[in-house]
Amino acid sequence: MIELVKFPKDFTWGVATSSYQIEGAVNEDGRTPSIWDTFSKTEGKTYQGHTGDVACDHYHRYKEDVQIMKEIGVKAYRFSIAWPRIFPEEGKYNPKGMDFYKRLVDELLKREIIPVATIYHWDLPQWAYEKNGGWLNRESVKWYVEYASKLFEELGDVIPLWITHNEPWCSSILSYGIGEHAPGHKDWREALIAAHHILLSHGEAVKVFRDMNLKGAQIGITLNLTPAYPASEKEEDKLAVQYADGFANRWFLDPIFKGNYPEDMMELYSKIIGEFDFIREGDLETISVPIDFLGVNYYTRSIVKYNEDSMLKAENVPGPGKKTEMGWEISPESLYDLLKRLDREYTKLPMYITENGVAFKDEVTEDGRVHDYERIEYIKEHLKAIARFIEEGGNLKGYFVWSLLDNFEWAHGYSKRFGIVYVDYETQKRILKDSAFWYKGVIEKGVIE
Ligand SMILES: OC[C@@H]1[C@@H](O)[C@H](O)[C@@H](O)c2nc(CNc3ccccc3)cn21
């Protein structure tokens, strides 16, 4: 007996991308460098020195890509806006940069695809970084609000869903603490300062958004959330989970939804960074201004054991499940656990899975197709977890596959393919993978078998 899993008729089926990963045209129509242009051109920072100079050439091929979305039948398209196109220099608005996004939105609306805009997906203008380190400078809040306000003015009447930030954990911890992403700093105090200013910029932008009273538009934030599980039933491993969870999840969920940073992590971090003198009176009230929805990016879980020598008292251990090309364990059941926890402990607001997807070794076979059955299996299992949560009353409104296209996978360059559409970077030819045809069927029927 085939089990049919049904989704609500108004479920928002989408695909997601980001500006630096697909657009290319890095010097076109007034755009100036971002920190990722600089970082990717720095020796040793990306796989084989790959950059986003051309990427998927989406800046020129956007009409073809929107047509592909139409063929797949997506209801919504989550993309990000490149800040360096809009404000190539501090205080200098660039209408030509904005015009690209107006053209893109026009194409989407012509095909009745809902535009979902991420305001910041990591491509900080280089000019901002050069003013005392970008997000390390509290003035970044002002620069960001000026940028976001211009977007609301110019596109607020045609874009109904706005995401202030994609994954503050990545744009702060991974970028200023671990150093794997631009600007590549390795300083924990800097990482927490950046996180604070990014969260503050989120709250200030939400306030401006509310003041503009944009009819029918909603605003939220997207967090990458990684549920942590203990390697054993030992009490020390459960303590490791507490800190791993605080590091990955609660440091961002708590200020946004509870108006405070988690005490246990403040205590742990204070031993490393000293005073939290960058937090000012009123900041947490701003960060926790009410939002309309939460975006959740989910890829995998973590399993941790206690390690006295680790700053977080935790170290990751490999999970038993199948691994992806990124080395991430496939764990759809952990997505269910995560959603239940968010519903129980944080919010009853609408949630969207704003990213879920997988990298496998894709190849074009002799029949000219890409038979990515593992990706179909991954998406199917995660959709089942979502359907179970919805069935139990969970307020989950939509799902965006990461990604529409194979694209620039940050430090991994073009070596990792996440797309449901294959990109031949030599020719820029797009090939719908089997997963794209499968996703088309799911969207049409609203069920998975
Ligand atoms: O890695 C796949 C995608 C990436 O292409 C997106 O731009 C980004 O939003 C994204 N976030 C995650 C999950 N978080 C993460 C964890 C460790 C390193 C990098 C990202 C995966 N992805």
Side-chain angles (χ1 to χ4, degrees), residues 14-23 34-36 39-40 45-47 50-52 55-56 58 77-82 116-124 163-182 184 191 195 198 220-228 244-245 247-249 251-253 294-302 316 323-331 334-335 338 352-360 362 375 378-379 382 399-421 423:
V15 289
T17 66
S18 87
S19 45
Y20 189 72
Q21 293 181 270
I22 67 165
E23 287 179 0
S34 73
I35 55 173
W36 266 97
F39 190 73
S40 61
K45 299 299 183 188
T46 63
Y47 175 80
H50 289 177
T51 76
C56 307
H58 177 75
Y77 173 48
R78 177 185 175 231
F79 60 96
S80 80
I81 296 170
V116 178
T118 304
I119 296 171
Y120 185 69
H121 199 127
W122 308 352
D123 40 2
L124 182 74
I163 296 165
T164 55
H165 281 277
N166 178 71
E167 302 188 348
W169 184 91
C170 287
S171 30
S172 59
I173 308 297
L174 194 57
S175 302
Y176 285 88
I178 297 169
E180 185 184 315
H181 280 194
I198 288 166
I221 189 169
T222 278
L223 302 178
N224 56 299
L225 298 170
T226 306
D245 178 50
F247 172 68
N249 307 316
W251 191 257
F252 296 92
L253 285 166
L294 173 66
V296 175
N297 286 0
Y298 174 80
Y299 288 85
T300 188
R301 66 168 175 172
S302 72
N316 285 324
K323 306 298 181 297
T324 73
E325 270 299 287
M326 300 293 280
W328 300 342
E329 184 192 15
I330 297 173
S331 180
S334 303
L335 172 55
L338 168 64
Y352 292 86
I353 301 296
T354 36
E355 282 179 34
N356 175 244
V358 64
F360 283 121
D362 294 329
R375 179 171 289 105
Y378 178 97
I379 297 173
H382 286 81
Y399 175 86
F400 293 78
V401 174
W402 183 269
S403 178
L404 169 70
L405 301 170
D406 293 336
N407 59 52
F408 176 77
E409 179 47 42
W410 308 112
H412 297 277
Y414 299 98
S415 68
K416 306 296 181 194
R417 292 178 179 272
F418 275 88
I420 58 173
V421 175
V423 176

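Along the sequence shown, the residues carry numbers beginning at 1. Side chains included, hydrogens not; waters and symmetry mates left out as well; all remaining heavy atoms used. For ligands, and for the atoms within them, numbers begin at 1 and follow the listed sequence.
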### Query
Pick one: which of Trp36, Phe39, Tyr176, Trp169 meets ring pair (Phe, Tyr, Trp, His ring centres under 6.0 Å) with His181?
Trp36
### Protein residues that have a heavy atom under 4.0 Å from any atom of ligand 1, sorted by chain and number
Gln21, His121, Trp122, Asn166, Glu167, Cys170, Leu174, Asn224, Asn297, Tyr299, Trp328, Glu355, Trp402, Glu409, Trp410, Phe418
## Note on the structure
Between Ile119 and Thr164, the two heavy atoms sitting closest are CB-O, 3.5 Å
### Query
Does a side-chain N-to-carboxylate-O contact under 4.0 Å join Lys416 and Asp406?
no
### Query
Can a salt bridge be assigned to the pair Lys45 and Glu180 using a cut-off of 4.0 Å between side-chain N and carboxylate O?
no
#### Entry: Ring centre gap for Tyr352 and Tyr399 strictly below 6.0 Å
no
## Note on the structure
For Ser302, the side-chain hydrogen bond (donor to acceptor under 3.5 Å, both in side chains) test, sequence neighbours excluded, returns none
